[in-house]
Amino acid sequence: MSAPISSELAARADELRRALQQANYQYYVLDSPEISDAEYDRLFRELKELEEKHPSLRTADSPTQRVGAPPQSQLAKHTHLVPMLSLGNAFNDAELREWEARLVRLVGEDALRAGYVAELKIDGAAVSLTYERGVLVNGATRGNGTIGEVVLPNLRTIRDIPLRLRDGGGALPERIEIRGEVYLPFDRFEEINAARVAAEQPVFANPRNAAAGALRQLDPGITAERRLRFFGFAVAAPDGARLPFTTQSGLLDALQAWGIPVEPHRRRCDRLDEVIAFVGEVETSVRGALNFGIDGVVVKVDSLPLQDELGVVGGREPRWAIARKFAPDIATTRLLDIQVNVGRTGALNPFAVLEPVEIGGATVKLATLHNEDLIRTKDLRIGDLVQVKRAGEVIPQVIGPVPEQRTGSERPWHMPERCPVCHTPVEKDEDNVAVYCPNVACPGRQLEGLVHFASRGALDIRGLSYARIEQLIQAGLVRDVADLFSLRVEQLVSLDRFAEKSAENLVAAIEEAKGRPFSRLLNGLGIRHVGAGAAQLLARHFGTLEALAHATPDDILQVRGIGETTAHAVATYFANETTQQLLAKLRAAGVNEREPRAQTEGRSLAGCTIVITGTLPTLSRGAATALIERHGGHVVSSVSKSTSFVVAGADPGSKLDKARTLGIETIDEAELLRRVGENP
Ligand code: IVH
């Protein structure tokens with residue numbers, strides 16, 4: 001029973017919600033906050049506590065209700081009210097003038113008098129937000145333009161998307177879709193990539209990929225962590241809806257009045273010459289100062305009736321708008337060499353060694369080449385002059401060679417047939433693109449593997465730096481990650497640069513790392529396709545290392561958010577002989593193999609030690625283990641006096657006999673499901 005709610009409490013909750021909504025509006029839309037972060041946090045906490053005590057006070061549009069939706073198993077489809085269009089491009093001023101000439105041919109000199117609006121072309125992911133009577137009720141990606149994917153729980157985590165629109169003097173239509181771009185600011189992008197480097201995870205090539213990926217996460221918690229942002233620039237309304245504006249500039253003002261952030265560098269231009277001047281200003285002085293990526297300026301005919309008259313070409317591109325693209329940041333330099341490094345999963349990654357060149361304010365010496373196919377497709381040869389581009393301002397990429405400049409001395413390149421570190425013959429992976437060193441004991445892989453194991457996102461072993469790991473490998477003290485746990489202070493002090501104190505500290509840090517949650521251990525093992533995110537999903541689902549190690553690919557596929565490639569990679573990893581030896585060593589070292597339970601799942605099997613034998617009618621061995629672990633039980637492989645009960649299926653074998661001899665209770669799958677409250 002919750003306490004009765006006084007009208008004062010309801011009024012206070014309402015007041016807090018309004019104050020927080022106002023603060024968000026001032027911060028995100030007007031860019032002029034009027035209360036401090038500390039004050040915001042205080043109001044937020046008060047509202048949260050109030051709502052926790054009295055859940056009926058909670059409203060869907062409350063600022064506290066942004067995160068917390070559970071992960072989904074897949075994204076539902078959404079048919080856009082009106083298709084989301086793409087844009088034609090103009091790569092120079094002449095092309096822009098041709099576009100205007102076309103407009104004049106179609107609608108006469110009127111087009112010129114109507115004027116234009118020029119806006120920045122935000123480089124992010126397009127979304128459509130559906131508001132009904134001012135409340136955010138749905139949100140979808142662009143998809144193919146007609147049908148997108150529902151990503152509402154993720155969009156709700158974006159602080160500058162209002163959960164409820166401001167009224168704007170009763171001018172809100174009953175139902176409206178607001179379109180715009182979700183983007184990741186550069187500073188956030190860099191923070192995220194730095195964390196990924198530390199955790200030995202692949203970095204994002206550019207903010208757009210990071211934003212689009214975050215948007216399509218099945219777990220809104222992950223989206224929330226990325227801290228995406230949003231700008232609105234278009235609307236779609238049902239036929240006959242009355243909209244309180246007749247121009248694009250009026251539309252942008254209305255969006256802003258409704259509480260939607262609108263990019264401030266926009267200009268209403270009477271003539272195309274002004275547009276051209278604006279493009280120049282943006283390219284020379286605005287672009288470099290922005291904290292987010294843009295890839296051009298969008299020029300739109302300002303009058304909405306005229307836009308209607310001009311219509312859409314081929315159902316895809318409006319005639320009334322065009323994207324004036326900027327020249328990309330490209331430079332030409334020489335490809336001095338192609339080298340290969342061995343990653344922790346054994347993947348051989350070719351990279352380009354370049355004659356240093358400046359691109360967009362940074363000196364570039366190395367560029368990624370991804371894989372051998374790409375090098376062959378582009379026909380890159382060592383000694384070539386190549387064009388290099390900085391994609392999304394970060395990882396440089398080789399666009400291709402300049403073949404006209406060849407002298408004949410250029411040499412084609414081939415992936416080595418043996419691992420450059422351990423000389424084991426390499427293998428191709430399933431899709432025949434990536435090349436791997438299959439030797440799990442390859443020192444190249446081991447080094448990278450240990451570095452990853454000790455990194456922040458994995459076991460976070462303080463003091464175990466790259467150089468220290470190299471030293472331990474060279475001294476023959478560690479080969480695999482499990483060897484770390486048998487390091488002793490006496491062994492370390494005999495090494496260079498180790499004093500008694502630093503040796504003790506390292507051993508203590510390793511000891512402490514044993515207790516990290518199973519998900520961190522799992523991430524640390526460096527299984528292909530398993531980064532921190534997948535490791536968490538798997539650890540939460542299976543609960544223990546034992547359960548995961550016995551899971552079939554089908555069991556693993558049951559985990560929301562895990563796809564076939566990952567499921568296959570995980571099952572293959574655990575089936576491997578070397579893995580099993582490694583796990584036995586880790587177990588003997590006393591490493592924690594359990595994931596602490598964050599949520600309040602059933603504890604009906606708490607303290608029970610359970611044996612499964614035979615084939616159960618519906619649950620696989622892995623699924624049954626996971627179920628038991630989720631409810632607090634512990635699965636072991638052999639029956640003893642301390643076994644709480646045995647779950648038996650068809651063809652049970654000797655374990656059932658033993659249970660009978662010891663007088664231990666035996667139950668079937670249906671009874672197990674009943675005990676955990678999942679009625680069969
Ligand atoms: S207008 C006509 N305005 O660019 C309707 N689009 O290449 C098209 N974009 O999918 C949208 N900034 O996601 C418009 N200020 C802006 C934009 C913008 C970025 C994106 C948009 C669209 C893509 C088309």
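Quick note: numbers below take in every heavy atom, side chains included, and nothing from hydrogens, waters or symmetry partners. Atoms within a ligand are numbered from 1 in the order they appear, just like the ligands themselves.
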Residues 248-256, side-chain donor-acceptor partners within the protein, below 3.5 Å, at least two apart:
{"residue": "Q248", "atom": "NE2", "partner": "E119", "partner atom": "OE2", "Å": "2.7"}
{"residue": "Q248", "atom": "NE2", "partner": "F233", "partner atom": "O", "Å": "3.1"}
{"residue": "S249", "atom": "OG", "partner": "D302", "partner atom": "OD1", "Å": "3.0"}
{"residue": "S249", "atom": "OG", "partner": "D302", "partner atom": "OD2", "Å": "2.8"}
{"residue": "D253", "atom": "OD1", "partner": "R266", "partner atom": "NH2", "Å": "3.3"}
{"residue": "Q256", "atom": "OE1", "partner": "R266", "partner atom": "NH2", "Å": "3.4"}

Revision key, fill the gap. Of all heavy-atom pairs linking L129 and I161, the shortest is CD1-CG2, 3.8 Å
Cut-off 3.5 Å, no hydrogens considered: what does the side-chain donor-acceptor table look like for residues 320-327, sequence neighbours left out?
{"residue": "R324", "atom": "NE", "partner": "D93", "partner atom": "OD1", "Å": "3.3"}
{"residue": "R324", "atom": "NH1", "partner": "F91", "partner atom": "O", "Å": "3.4"}
{"residue": "R324", "atom": "NH2", "partner": "D93", "partner atom": "OD1", "Å": "3.1"}

Check your understanding: Which residues satisfy the ring pair (Phe, Tyr, Trp, His ring centres under 6.0 Å) test with Y25, sequence neighbours excluded?
Key -> none
Point to revise | Donor-acceptor pair between R18 and Q22 side chains, under 3.5 angstrom | key: no
Check your understanding: Any Lys/Arg nitrogen of E100 or R97 sitting under 4.0 Å from an Asp/Glu carboxylate oxygen of the other?
Key -> no
Under 3.5 Å, N/O to N/O: give me all the pairs between ligand 1 and the protein, one per line with atom names and distance.
{"residue": "ligand 1", "atom": "3 (N)", "partner": "K300", "partner atom": "NZ", "Å": "3.0"}
{"residue": "ligand 1", "atom": "4 (O)", "partner": "K121", "partner atom": "NZ", "Å": "3.2"}
{"residue": "ligand 1", "atom": "7 (O)", "partner": "K121", "partner atom": "NZ", "Å": "3.2"}
{"residue": "ligand 1", "atom": "12 (N)", "partner": "I122", "partner atom": "N", "Å": "3.0"}
{"residue": "ligand 1", "atom": "13 (O)", "partner": "E181", "partner atom": "OE1", "Å": "2.5"}
{"residue": "ligand 1", "atom": "15 (N)", "partner": "E119", "partner atom": "OE1", "Å": "2.9"}
{"residue": "ligand 1", "atom": "15 (N)", "partner": "L120", "partner atom": "O", "Å": "3.0"}

